[in-house]
Engineer: 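Sharing a structure with you now.
For ligands, and for the atoms within them, numbers begin at 1 and follow the listed sequence. Note that the structure is predicted; figures quoted are calculated from it, not measured.
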Amino acid sequence: MNKKLQWRPGNMLYPLPAVLVSCGANENEYNIMTASWTGTICSDPAMCYVSIRKERHSYELIKNSMEFVINLSTEELAYATDWCGVKSGRDFNKFNEMKLTPQQGEKVSAPIILESPVNIECCVTQIMPLGSHDMFIAEVVNVQVSDNYLDEKTGAFDLGKAKLLAYSHGQYYKIGEQIGKFGWSVQKKK
Ligand SMILES: Cc1cc2nc3c(=O)[nH]c(=O)nc-3n(C[C@H](O)[C@H](O)[C@H](O)COP(=O)(O)O)c2cc1C
């Protein structure tokens, strides 16, 4: 049985990341919002986007400073990721509430989240109105990674250890079992 059902047009491209986007030009403004409408759009220069609804508190903050940080989320950060996605920075200091540590970015005034394994500092180059969301297209200006994910023997950055968070059709998953690596399908068997 594999009969196709026709659904109205909607967002069914899954899995997506669920990341913590931190923003704010100074400590009083520091905020975090969860985003899944986010992704990589160019390798060189390294570029990302986040699509944000105008109603979000973060929308104004990012529009004013033209900077944000994408912090990858993990199994450990899953609770905070959901919470920061249902509460607004208008009502809460999300760093305090979730006991997360802000640290000013190296290249941007927005804070990184210390507890996240990868912090991608971004400068907005273009805001594209699309409809429900505006797409904030940004250039990556710096990347910070936590050294506790470095393999002790090889020194390689082992992101598998972080159990990164994925979002699929309303559910959160941690990335677990590795089943291949880039190019393995065409590699010669030894
Ligand atoms: C898993 C998840 C993904 C989300 N993705 C987005 C997104 O990509 N864009 C957006 O505008 N809101 C998204 N949201 C909703 C915002 O995170 C939410 O409205 C949040 O309260 C905004 O915070 P702020 O008002 O402090 O900016 C998402 C929420 C969750 C739980």
Side-chain angles (χ1 to χ4, degrees), residues 9-42 47-102 104-105 108-140 162-176:
N11 296 111
M12 278 301 289
L13 176 58
Y14 294 120
L16 290 169
V19 299
L20 292 163
V21 175
S22 47
C23 57
N26 57 61
E27 269 190 62
N28 294 329
E29 283 187 3
Y30 282 0
N31 190 39
I32 307 170
M33 78 161 250
T34 301
S36 281
W37 285 193
T38 183
T40 292
I41 44 171
C42 186
M47 292 181 77
C48 294
Y49 81 93
V50 183
S51 282
I52 307 176
R53 282 186 188 264
K54 284 199 177 68
E55 304 88 276
R56 312 298 186 222
H57 182 56
S58 305
Y59 180 96
E60 282 302 320
L61 294 176
I62 296 174
K63 198 171 177 190
N64 289 340
S65 69
M66 297 293 269
E67 293 174 346
F68 60 85
V69 179
I70 295 177
N71 305 271
L72 299 192
S73 188
T74 62
E75 176 179 21
E76 267 179 45
L77 293 170
Y79 181 90
T81 305
D82 188 59
W83 199 87
C84 291
V86 292
K87 300 287 183 187
S88 178
R90 283 188 199 98
D91 309 316
F92 295 95
N93 179 322
K94 298 193 198 177
F95 277 99
N96 288 349
E97 294 291 328
M98 290 293 103
K99 299 191 170 46
L100 295 172
T101 318
Q104 206 206 303
V108 296
S109 50
I112 67 157
I113 300 173
L114 212 57
E115 289 78 3
S116 160
V118 179
N119 320 97
I120 304 165
E121 299 182 26
C122 299
C123 284
V124 177
T125 55
Q126 207 181 324
I127 303 174
M128 198 185 287
L130 298 174
S132 60
H133 291 65
D134 281 7
M135 186 184 195
F136 287 74
I137 295 178
E139 194 165 326
V140 175
K163 305 262 185 298
L164 291 176
L165 206 63
Y167 179 72
S168 186
H169 200 38
Q171 319 282 339
Y172 301 104
Y173 299 86
K174 58 180 171 188
I175 292 184

Engineer: Taking it one step at a time, do Gln104 and Ser109 satisfy side chain to side chain donor-acceptor pair (under 3.5 Å)?
Structural biologist: CA-CA 6 Å; Gln104 206 206 303; Ser109 50; 5.7 Å; no
Engineer: In terms of residue, atom name and distance, what is the protein heavy atom nearest to atom 2 (C) of ligand 1?
Structural biologist: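 Here the nearest protein heavy atom works out to Thr34 CG2, 3.6 Å.
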Engineer: May I ask whether Phe92 has any heavy atom positioned less than 4.0 angstrom from an atom of ligand 1?
Structural biologist: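 Contact absent.
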Engineer: Considering heavy atoms of the protein only, find what lies nearest to atom 22 (C) of ligand 1 and give residue, atom and distance to 0.1 Å.
Structural biologist: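 Protein heavy atom with the smallest distance to atom 22 (C) of ligand 1: Arg56 CD, 3.7 Å.
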Engineer: List every atom of ligand 1 that sits less than 4.0 Å from any heavy atom of Asn31, numbering the atoms from 1 in the order shown and giving each element.
Structural biologist: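 Listed by number with element: 24 (P), 26 (O), 27 (O).
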Engineer: Does ligand 1 come near enough to Arg90 that some N or O of the ligand is less than 3.5 Å from an N or O of the residue?
Structural biologist: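 No: no nitrogen or oxygen of Arg90 is under 3.5 Å from one in ligand 1.
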Engineer: Val50 and side-chain contact (heavy atoms from CB on, under 4.5 Å): which partner among Val19, Ile70, Asp134?
Structural biologist: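 Among the candidates, only Ile70 passes.
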Engineer: Parallel, tilted or perpendicular for Phe136 and Tyr59, by the 30°/60° rule?
Structural biologist: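 If you compare the ring of Phe136 with that of Tyr59, the planes turn out perpendicular.
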Engineer: Return yes when Glu55 approaches ligand 1 closer than 4.0 angstrom through a heavy atom, no otherwise.
Structural biologist: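 Glu55: no contact with ligand 1 (<4.0 Å).
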Engineer: What atoms in ligand 1 come closer than 4.0 Å to a heavy atom of Lys87?
Structural biologist: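 Checking each atom against Lys87, I get 20 (C), 21 (O), 23 (O).
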Engineer: For ligand 1, is any non-hydrogen atom under 4.0 Å from Tyr59's backbone (N, CA, C, O), its side chain (CB onward), both, or neither?
Structural biologist: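 It is neither; nothing of Tyr59 touches ligand 1.
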Engineer: Considering only protein heavy atoms, which is closest to atom 9 (N) of ligand 1, and at what distance to one decimal place?
Structural biologist: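 Nearest neighbour among protein heavy atoms for atom 9 (N) of ligand 1, to 0.1 Å: Ser51 O, 2.8 Å.
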Engineer: Walk me through it: do Tyr173 and Leu165 pass the test side chain to side chain contact (heavy atoms under 4.5 Å, CB included)?
Structural biologist: CA-CA 6 Å; Tyr173 299 86; Leu165 206 63; over 6 Å; no
Engineer: Pull out every atom of ligand 1 sitting under 4.0 Å from any heavy atom of His57, numbered as shown with elements.
Structural biologist: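 Those qualifying, in numeric order: 24 (P), 25 (O), 26 (O), 27 (O).
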Engineer: For ligand 1, which is the ligand I care about here, please tell me if Asp82 has any N or O atom under 3.5 Å from one of the ligand's N or O atoms.
Structural biologist: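 Not met; the criterion fails.
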Engineer: Counting from 1, what ligand 1 atoms have a heavy atom of Met33 closer than 4.0 Å?
Structural biologist: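 In order of number, 9 (N), 10 (C), 11 (O), 12 (N), 13 (C), 22 (C), 23 (O), 27 (O).
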Engineer: For atom 20 (C) of ligand 1, what is the nearest protein heavy atom, given as residue, atom name and distance?
Structural biologist: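 Going atom by atom, the protein heavy atom closest to atom 20 (C) of ligand 1 ends up being Cys84 O, 3.5 Å.
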Engineer: To which protein heavy atom is atom 5 (N) of ligand 1 closest, and what is the distance rounded to 0.1 Å?
Structural biologist: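 The answer is Ser36 N, 3.0 Å.
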Engineer: At under 4.0 Å between heavy atoms, is it the side chain or the backbone of Thr81 that contacts ligand 1, or both, or neither?
Structural biologist: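 Within the 4.0 Å criterion, Thr81 makes no contact with ligand 1.
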Engineer: In terms of the angle between their ring planes, are Phe92 and Trp83 parallel, tilted or perpendicular, with boundaries placed at 30° and 60°?
Structural biologist: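 Because their plane-to-plane angle is over 60°, the rings of Phe92 and Trp83 count as perpendicular.
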Engineer: Got a second to check how far His57's NE2 is from Lys87's NZ, nearest 0.5 Å?
Structural biologist: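 If we round to the nearest 0.5 Å, His57:NE2 and Lys87:NZ are 15.5 Å apart.
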Engineer: Tell me whether the rings of Tyr167 and Tyr14 are parallel (<30°), tilted (30 to 60°) or perpendicular (>60°).
Structural biologist: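 The arrangement is perpendicular - the two ring planes meet at more than 60°.
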Engineer: Near Ile52, which atoms of ligand 1 are under 4.0 Å from a heavy atom of that residue?
Structural biologist: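 Those of ligand 1 that fall under 4.0 Å from Ile52 are 11 (O).
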Engineer: Is there a salt bridge (charged side-chain N to carboxylate O under 4.0 Å, His left out) between Lys163 and Glu75 once you walk through the steps?
Structural biologist: CA-CA 6 Å; Lys163 305 262 185 298; Glu75 176 179 21; 5.7 Å; no
Engineer: What residue and atom, counting heavy atoms only, is the protein's closest point to atom 31 (C) of ligand 1, and at what distance?
Structural biologist: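 Going by distance alone, atom 31 (C) of ligand 1 is nearest to Tyr172 OH, 3.4 Å.
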Engineer: At what distance is the nearest protein heavy atom to atom 29 (C) of ligand 1, and which residue and atom is it?
Structural biologist: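 The protein heavy atom lying closest is Gly85 O, 3.5 Å.
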Engineer: Keeping Ser116 on the side-chain end and Asn119 on the backbone end, is there a donor-acceptor pair under 3.5 Å?
Structural biologist: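 Checking the backbone N and O of Asn119 against the side chain of Ser116, no donor-acceptor pair under 3.5 Å is found.
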Engineer: Is there a donor-acceptor contact under 3.5 Å from the side chain of Ser22 to the main chain of Pro111?
Structural biologist: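 Between the backbone of Pro111 and the side chain of Ser22 there is a qualifying donor-acceptor contact (under 3.5 Å).
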Engineer: Looking only at heavy atoms, is any part of Tyr167 under 4.0 Å from ligand 1, and if so is it the side chain, the backbone, or both, or is it neither?
Structural biologist: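 The side chain, only.
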Engineer: Should we say atom CD of Glu76 is surrounded by more than 12 heavy atoms from elsewhere, each under 6.0 Å from it?
Structural biologist: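 Open.
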Engineer: Please determine whether any non-hydrogen atom of Thr38 lies less than 4.0 Å from an atom of ligand 1.
Structural biologist: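 No, Thr38 has no heavy atom closer than 4.0 Å to ligand 1.
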Engineer: Count the heavy atoms belonging to other residues, nucleotides or ligands that lie under 6.0 Å from CD of Glu97, then report whether that count exceeds 12.
Structural biologist: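 Counting other residues, nucleotides and ligands, CD of Glu97 exceeds 12 neighbours.
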Engineer: What protein heavy atom is closest to atom 27 (O) of ligand 1, reported as residue, atom name and distance in Å?
Structural biologist: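 Protein heavy atom with the smallest distance to atom 27 (O) of ligand 1: Ser58 OG, 2.6 Å.
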Engineer: Is there any N or O on Gly89 that sits under 3.5 Å from an N or O of ligand 1?
Structural biologist: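 Looking only at distances, the answer is yes, because the N/O contact criterion of under 3.5 Å is met.
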Engineer: Please answer whether the main-chain N or O of Thr81 pairs with a side-chain N or O of Thr34 as donor and acceptor at a distance below 3.5 Å.
Structural biologist: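 Checked: pair present.
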